[in-house]
Amino acid sequence: MQVIVEESSKLAKRSKRDALNLLYGNNSGSITVTLSICIALVFGFSNNEQQHFKIVWFSFMCLLLLWRSIEGHHWKTKLKDRKYNATKPLLRFSISRYLTALSLSSYSVLFFNSMDVIELATTIVIMSSMAGGAATILSANKWLAQSYSVILLTPLSLMCLFSGVDYKVIFGLLGLVFTVIMYLSARRTFQFTHESILIKNKHSDLLKEMEEKNKQIVEANVNLEEKVKQRTEEIFELSHIDPLTKLCNRTAFSDNLKLLINACALNDSTLAVLFVDLDGFKSINDSHGHGIGDKVLIETAKRLTSRTAIPKSVCRWGGDEFLIALQNTDKNHAYNYGKALIKRLSQPIQIDHYSLKVGATVGIAMYPEHGVNDIQLITLADTAMYVQKQFAKSDVCLFTEAMRATLSRDILLKEGLTQALENDEFYVTFQPVIQSQSGEVSFCEALLRWKLNGEHISPEEFIPAAEQHGLINSIGSWVLHKACLQAAAWSFDNSVNLSVNVSVAQLMQGDLVSVVKSALNKSNFPAQNLHLEITESIFAHDIEYVLNQMQALQSLGIKVSLDDFGTGFSSLALLQSLSADVVKIDRSFVSTIDKGGKAIIQATQYMAQELGYSVVAEGVESKAQADTLSAMGIDSLQGFYFSKPMRLEELKQWHEKYKKLVEIE
Ligand code: C2E
Ligand code: MG
Ligand code: MG
């Protein structure tokens, strides 16, 4: 509200100033006209009697006009074009103009009686024209404009009207009519001028406001541009930088690698891509938590960049995997660089009060020898790293052509496995396990089979591939469901148990307990008749978690068998805490039963007996082996000597024949 009042008072002041400027603008013209009229009146009609008084009057008028000239000059030099307060100058202007009007009017009153008809007519005409001019010239001031004609004409008109002389009465009437007209005209002209000034000022206010707004818009635009620039940088960082290590991410590295490859192609030079995978990082994460794990990755990133000139050539590919691109590098240099890198990365890392150690395995692929684009080079370096890791960790491996076959086989398996369930390419076979004393079938082991494009692929090849590519959970779940459904329907012997292999990955990542529950529910297969075979390699994992999972499975009523026993990591203490139901001795010991395998089988059997586990010997291929193992007191035997793994239909036929054979014996 206050702002509005202030604004309108400013507008009023400005309008007043503009009005005065308009009045003063006509000052010189008006002085000249007035002076000319005075000369014409005083000296145009010389009258000996009155001439003396006329000169006095004229002198007064000259002084008055001089004052007005001085005022006008002051306005022109001191006030015009400035922001001045118009109140006092307007008062002075008004006084001088009223005085002029009064003086002119006094002339007609003072010298009325001495005027002849011509002088009177001329005076009335002059006064009327001056009143007419004033209505326009003084239109910026309401009171001056309106009163000027009244002051100039009324006394003269009234004197004429009351003179009693006919022609003078007519002059008087005409004068009064003219006064009224001039008064009204001055009113209208003032109104018009006043509004024009107001509109002009409002217009200029509007322009100023627009200019201000424009300025604000320009400023806002500048700010917006700045913000957009900032955001773009942030988005670039988010999409190109790994937030943890501040190294390049996959996108940025791949983009940069493409540029480096192009440069190499132009210069005819070589380039190496190093795929670096940390060894032992997972156990740091597991035992010290992700916070410490993150710090290890940050420190690793620092060590990776410390000797690399171009930061864009180093990237965190994901998890504990990093990539380095080395320009103008031959195989030897890349190999030595990799070796030095492993040494650097293997130095202890001091975090809080821990001294932690990680190793690194490095795979290298060369441009243009091994691959000519970014995807090829990264994949091949990864393959070399993977192959090296299988063989021995913490070393460098250069990609070789022999690995290409491994890689294409891996790709074939990965793609095939992704489609296998959908294409119904899997089927389950069963291999019977025989009780050594009675010769009865005690259970059948479900073994998965896969035929890809007419080729039988061994589970020893495709199960690890499925684990590596994260497909084992869905495949494992399918096997469990299928095997339970088929076992529930097998007609040859209801007392025969079913044993299904379960991958370690299923136990560690998958929701195995609920998968087992679902398979049992859907098939109606009794839980107490189901065995799950888990390889001994689970001991390499988080033991507490493994034990919990196994207890959860056993609480469902199912039994747990420890598969391929003797080949891996088990210790006596772990074997004790595991409380498995069955231990399956690996077939490598059975096949070497005559060359030292027997001692291991005996030791295992003794140990299992002590712990209350039953023992199965795998890979029994001959009668001699079967007899030896039976004589040693091994509970059950499994192997080609009895039967190869079979489809359900064959199993039934086999069982018919087998029963007769056992009866004969
Ligand atoms: P495993 O669980 O130890 O299975 C026994 C393997 O020994 C089977 O190989 C079987 O065919 C083979 N075998 C049985 N008797 C003899 C014999 O007298 N001589 C010889 N040389 N071999 C014999 P298979 O079917 O090729 O399976 C290999 C491995 O693949 C299995 O070893 C198991 O670890 C894995 N596997 C098979 N099916 C599945 C499955 O459904 N899930 C998971 N996770 N693993 C499976
Ligand atoms: Mg098995
Ligand atoms: Mg086995």
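Numbering of ligands and ligand atoms starts at 1, following listing order. Computed from a predicted model, the values in this text were never measured in an experiment. Heads up: numbering here begins at 1 and tracks the sequence.
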**Message:** I want to know if ligand 1 touches Q431 in the polar sense, i.e. an N/O pair below 3.5 angstrom.
**Reply:** yes

**Asked** For the Mg ion (ligand 2), does an N/O/S atom of N501 lie at less than 2.8 Å?
**Response** yes

**Item:** For atom 18 (O) of ligand 1, the protein heavy atom that lies nearest, with its residue and separation
**Value:** F640 N, 2.8 Å

**Asked** At under 4.0 Å between heavy atoms, which part of I463 makes contact with ligand 1: side chain, backbone, both or neither?
**Response** side chain

**Request:** Could you tell me whether K644 sits above the aromatic face of F640, with NZ or CZ closer than 6.0 angstrom to the six-membered ring centre and within 45 degrees of the axis?
**Result:** yes

**Message:** Check D242 with R250, please: is the shortest side-chain N to carboxylate O separation under 4.0 Å?
**Reply:** no

**Message:** Could you identify the single nearest non-hydrogen protein atom to atom 42 (N) of ligand 1 and state the distance to 0.1 Å?
**Reply:** N501 O, 3.4 Å

**Item:** E445 N/O under 3.5 Å from ligand 1 N/O
**Value:** yes

**Message:** Between K339 and D395, does any side-chain N to carboxylate O distance fall below 4.0 Å?
**Reply:** yes

**Request:** For atom 24 (P) of ligand 1, grab the closest protein heavy atom and report residue, atom and distance to one decimal in Å.
**Result:** P459 CG, 3.6 Å

**Request:** Check if K584 has a non-hydrogen atom at a distance under 4.0 Å from any atom of ligand 1.
**Result:** no

**Prompt:** Which of the atoms in ligand 1, numbered in the order shown and given with their element, are less than 4.0 Å from a heavy-atom of V479?
**Reply:** 41 (O)

**Salt-bridge criterion met for R303 and E299 (N-O under 4.0 Å)** = yes

**Asked** atom 31 (C) of ligand 1: which protein heavy atom is closest, and how many Å away?
**Response** L447 CD2, 4.2 Å

**Item:** atom 6 (C) of ligand 1: nearest protein contact (heavy atom, Å)
**Value:** R587 NH1, 3.6 Å

**Message:** How close do Y613 and D635 get, counting heavy atoms only, and between which atoms?
**Reply:** O-OD2, 4.5 Å

**Message:** Could you check whether K623 pairs with D627 (Lys NZ or Arg NE/NH1/NH2 to Asp/Glu carboxylate O, under 4.0 Å)?
**Reply:** yes

**Prompt:** Once rounded to 10°, what is the value of the angle centred on the Mg ion (ligand 2) between E445 OE2 and D563 OD2?
**Reply:** 180°

**Message:** Whether the K357 and Q347 side chains hold a donor-acceptor pair (N or O, under 3.5 Å, no angle test) is what I'd like checked.
**Reply:** no

**Message:** Salt bridge or not between E369 and R404? Use side-chain N to carboxylate O under 4.0 Å.
**Reply:** no

**Fill in**
For V502, the ligand 1 atoms with a heavy-atom partner under 4.0 Å come out as 44 (N)

**Asked** Applying the side chain to side chain donor-acceptor pair (under 3.5 Å) test to Q431, which of E618, E445, Q638 qualifies?
**Response** Q638

**Message:** Any nitrogen or oxygen of L448, side chain or backbone, less than 3.5 Å from one on ligand 1?
**Reply:** yes

**Request:** Report the nearest protein non-hydrogen atom to atom 29 (C) of ligand 1: residue, atom name, distance rounded to 0.1 Å.
**Result:** E460 CG, 4.0 Å

**Closest protein heavy atom (residue, atom, distance) for atom 44 (N) of ligand 1** = S503 N, 3.4 Å

**Asked** Any chance the side chains of Q376 and Y367 put a donor and an acceptor closer than 3.5 Å?
**Response** no

**Request:** Examine D563 against ligand 1 and note whether any of their N/O atoms are separated by less than 3.5 Å.
**Result:** yes

**Complete:** E618 OE2 to D564 OD1 via the Mg ion (ligand 3), rounded to 10°, gives 150°

**Request:** Could you tell me whether D286 and K282 have a side-chain N and a carboxylate O separated by less than 4.0 Å?
**Result:** yes

**Prompt:** Hey, are the side chains of W317 and C315 touching, using non-hydrogen atoms and a 4.5 Å cut-off?
**Reply:** yes

**Asked** Between the Mg ion (ligand 2) and E533, is there an N, O or S atom separated by less than 2.8 Å?
**Response** yes

**Message:** I'd like to check which ligand 1 atoms, numbered from 1 as shown, lie under 4.0 Å from a non-hydrogen atom of E621.
**Reply:** 17 (C), 18 (O), 19 (N), 20 (C), 21 (N)

**Prompt:** Hey, which atoms in ligand 1 end up nearer than 4.0 Å to a heavy atom of G639?
**Reply:** 15 (N), 18 (O)

**Request:** Can you sort out which atoms of ligand 1 are near P645, meaning under 4.0 Å from one of its heavy atoms?
**Result:** 11 (O)

**Message:** Closer than 4.0 Å to some heavy atom of D564 - which atoms of ligand 1 meet that?
**Reply:** 3 (O)

**Message:** Less than 4.0 Å from atom 3 (O) of ligand 1, is there any heavy atom belonging to the protein?
**Reply:** yes

**Message:** Is the shortest side-chain heavy-atom distance between I593 and I601 below 4.5 Å?
**Reply:** yes

**Item:** Closest approach of any protein heavy atom to atom 5 (C) of ligand 1, naming residue and atom
**Value:** E618 OE2, 4.1 Å

**Asked** Taking non-hydrogen atoms only, is V620 closer than 4.0 angstrom to ligand 1 via side chain, backbone, both or neither?
**Response** backbone

**Asked** Taking the six-membered ring of F426, is the NZ or CZ of R449 close enough (under 6.0 Å from the centre) and on axis enough (within 45°)?
**Response** no

**Item:** Heavy atoms from other residues, nucleotides or ligands near CD1 of I375 exceed 12 (cutoff 6.0 Å)
**Value:** no

